[in-house]
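One structure is given here, and the rest of the page talks about it.
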Amino acid sequence: MNKYRSHNCNELRKKDIGKKISLAGWINKKRDHGNLLFIDIRDNYGITQCIIDKANKNFSLLEKTQLETVIKVDGKVLDRTKDTINTDIDTGEIEVSIESFEVLGTCNELPMPVFSDQEYSEEIRLKYRFLDLRRKKIHENIILRSKVISFIRNEMNRLGFLEFQTPILTSSSPEGARDFLVPSRLNPGKFYALPQAPQQFKQLIMVSGFDKYFQIAPCFRDEDARADRSPGEFYQLDLEMSFVEQEDVFKVVETLLVNTFERFSNKKLMFNEFPKITYSDAILKYGTDKPDLRNPLVISDITEIFDRDDVSFEIFKKLVKSGSKVRCIVTKNTKDKPRSFFDNIDRWAKEQGASGLAYFTIEKDKVISARGPVGKFFSNDALEEIMNITKAEIGDSIFLACNKESEVQKITSQARDKIAQDLNLIDENTFAFCWIVDYPMFEKDEVTKKIKFSHNPFSMPQGSIKDINFDKPLDILAYQYDIVCNGIELSSGAIRNHMPELMYKLFSIAGYDKKQVDEKFSGMINALSYGAPPHGGIAPGIDRIVMLLANEKNIREVTMFPMNQNAQDLMMKAPSEVNQNQLDELKLIIKEKK
RNA sequence: GGGGGUGUAGCUCAGUUGGUUAGAGCGAUCGCCUGUCACGCGAUAGGUCGAGGGUUCGAGUCCCUUCACUCCCGCCA
């Protein structure tokens, strides 16, 4: 028999009444009646109410024992009378009469209560993460995470994928995020980099002939945090497949995600076969490449309307002449909404730094007309044309913004979210997945005006090497795709470029000559010259998947030991200074701070 | 690097137009209480009002600087 317990704290039931048992766990809560003491003991599995009265010699000692002390109790399982049954806990039909107890782990006065629904500051939660993790909600989130990862492993195995580990100490690469660097003692002055993703390795695994690979891979990027982005490190379900086209990857990911989300959430899936939206369509219709498809609102371009003579909205007309675009959002049947609804949205847009959102509602008495502050500027014919373009109907309202393309795209995208919220159009009980496809291979850097890779430099461009017009690099599309759920980007992937000749060509457009490519990507480019199979893959973010399943807005709620926004671990006090010997061995000198 | 929010007891918070000795709940300590499950009742301790400077007869409250936490922009192939 186990030294500490005969049962866990969620095990005892009516059938155990009369048994002599022992339990071990934390004192979750005490209810002290002076001559009678109730003690709830908690472990990973649940809570059991224990009871002791003054007749027992241990009474006064137990009465004074702090909450969260770890104790072992020996006692007998008792029935509870009908009116004292607690239906909130699984063990609520019984209780344990304590005969003796033993303190296994003492507890100081707590810096934060464990048994409480209160919210606490991040600072205290992170500093005492081991206490925070005892609390029900986050404890369950972490267990969920474990189960999701385990399920995904099984599914991947079932789908014929092999799990491999790849190096954590690797080389710095010029593209992408900032690297975390690790100095090399044996090679003074040189540094390893922690992998931003096992990108090159997984391609090398394909070149090595393993056909289907996956890994729950740690990824390290030295970039600033967000609510849905851990600083420093996060996990991806990294996967790669040989002899596949885009559709083959989609099929695997759809199967995996549908199974995972159906298994771990009660929410509905809006699509079992995820819709595919081209990047350019997404940007136009939603103003972003990570649209929330639960939101039915779409953005339309009605710039051409403002060239018409029967439209007299002079401010917009003038802006359009100088190259601005007009985009609009139609809200269905909002004719009876109060003026305040419209004005609130206009005011909100101004708060976002835009020049506001013009609006009108389409009405029909004998002829079609527009009601609202700017309605008078549109003729009957112009309104019909707008209705034609936007599919708006009588009784609908139209919100318009006019600005440079990038600005109008930004504000209409935000407005789409804001209006949907105000109209309560988003079904919180749904997951809406979609693929964003046909990403451009290159984009122009706004600052330097140079052409650079818009996503992954190893992606395969669409079209054969003979057909691609390399003189218009911004027109080249890639077999590059993202998967998005409820407006959250879960992952990027691509069919890879496995042809060295084409690779050099594309890198040259982004400003790397052959020598640089050979140097910086030696592992990859060399391997591709020795018989590389066509291959492709993707890497869904594990943390974000668990966030969606746990219904959490912050990634720290699904991360066991997260760092704070400044990439510090308040519990372990990382990062920290190191001693002079360590620096000497590494041949490093710390510059004085300015 | 930039913008917003927050910072008052161990924890969660209140604190009026600037005005006496800065309050409450939980927790802690002590006392009472044999059926609670957020047990109840009474008492006690506990404060550099994040820090520094300024305005004022007087600052938790107004102003400036700064720090911490957080959200967002930049950044994240």
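Please read all numbers here as calculations on a predicted model, not as lab measurements.
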Ring-on-base stacking B:C39 with A:His33 (under 5.5 Å, under 30°)
yes
If pairing requires Watson-Crick or G-U wobble contacts with both distances under 3.5 Å, which nucleotide is the partner of [N]?
N: B:U56; value: none
N: B:C41; value: B:G31
N: B:U66; value: B:G50
N: B:G25; value: B:C11

Work out how far the [atom1] atom of [N] is from that of [M], and round it to whole angstrom.
N: B:A14; M: B:C75; atom1: P; result: 37 Å
N: B:U6; M: B:C62; atom1: P; result: 11 Å
N: B:A45; M: B:G10; atom1: P; result: 15 Å

With sugar-phosphate meaning primed atoms plus P, OP1 and OP2, does A:Leu37 contact a base, only sugar-phosphate, or nothing at under 4.0 Å between heavy atoms?
nothing
Within the 4.0 Å heavy-atom criterion, would you say A:Gln568 contacts the bases, only the backbone, or no part of the nucleic acid?
sugar-phosphate
Regarding A:Asp90 and A:Asn10, is there a side-chain donor-to-acceptor distance under 3.5 Å anywhere?
yes
Does a donor on one side chain and an acceptor on the other come within less than 3.5 Å for A:Asp482 and A:Tyr439?
yes
With A:Ile142, which residues qualify under side-chain contact (heavy atoms from CB on, under 4.5 Å), at least two apart?
A:Leu133, A:Ile138, A:Met560
What about the rings of A:Phe234 and A:Phe220, do their centers lie closer together than 6.0 Å?
no
Rounded to whole angstroms, how far apart are CG on A:Leu36 and P on B:C39?
14 Å
Could you tell me how far apart A:Glu122 (CD) and B:C11 (C1') are, to the nearest whole angstrom?
15 Å
When the nearest nucleotide of RNA chain B is assigned to A:Asp40 and to A:Lys54 on a heavy-atom basis, which residue is associated with the more 5' position?
A:Lys54
Pairwise 5' ranking along RNA chain B for A:Asp79 and A:Asp224, keeping only the more 5' one:
A:Asp79
Establish, for the pair A:Lys72 and A:Phe101, whether the NZ or CZ atom is under 6.0 angstrom from the six-membered ring centre and no further than 45 degrees off its axis.
no
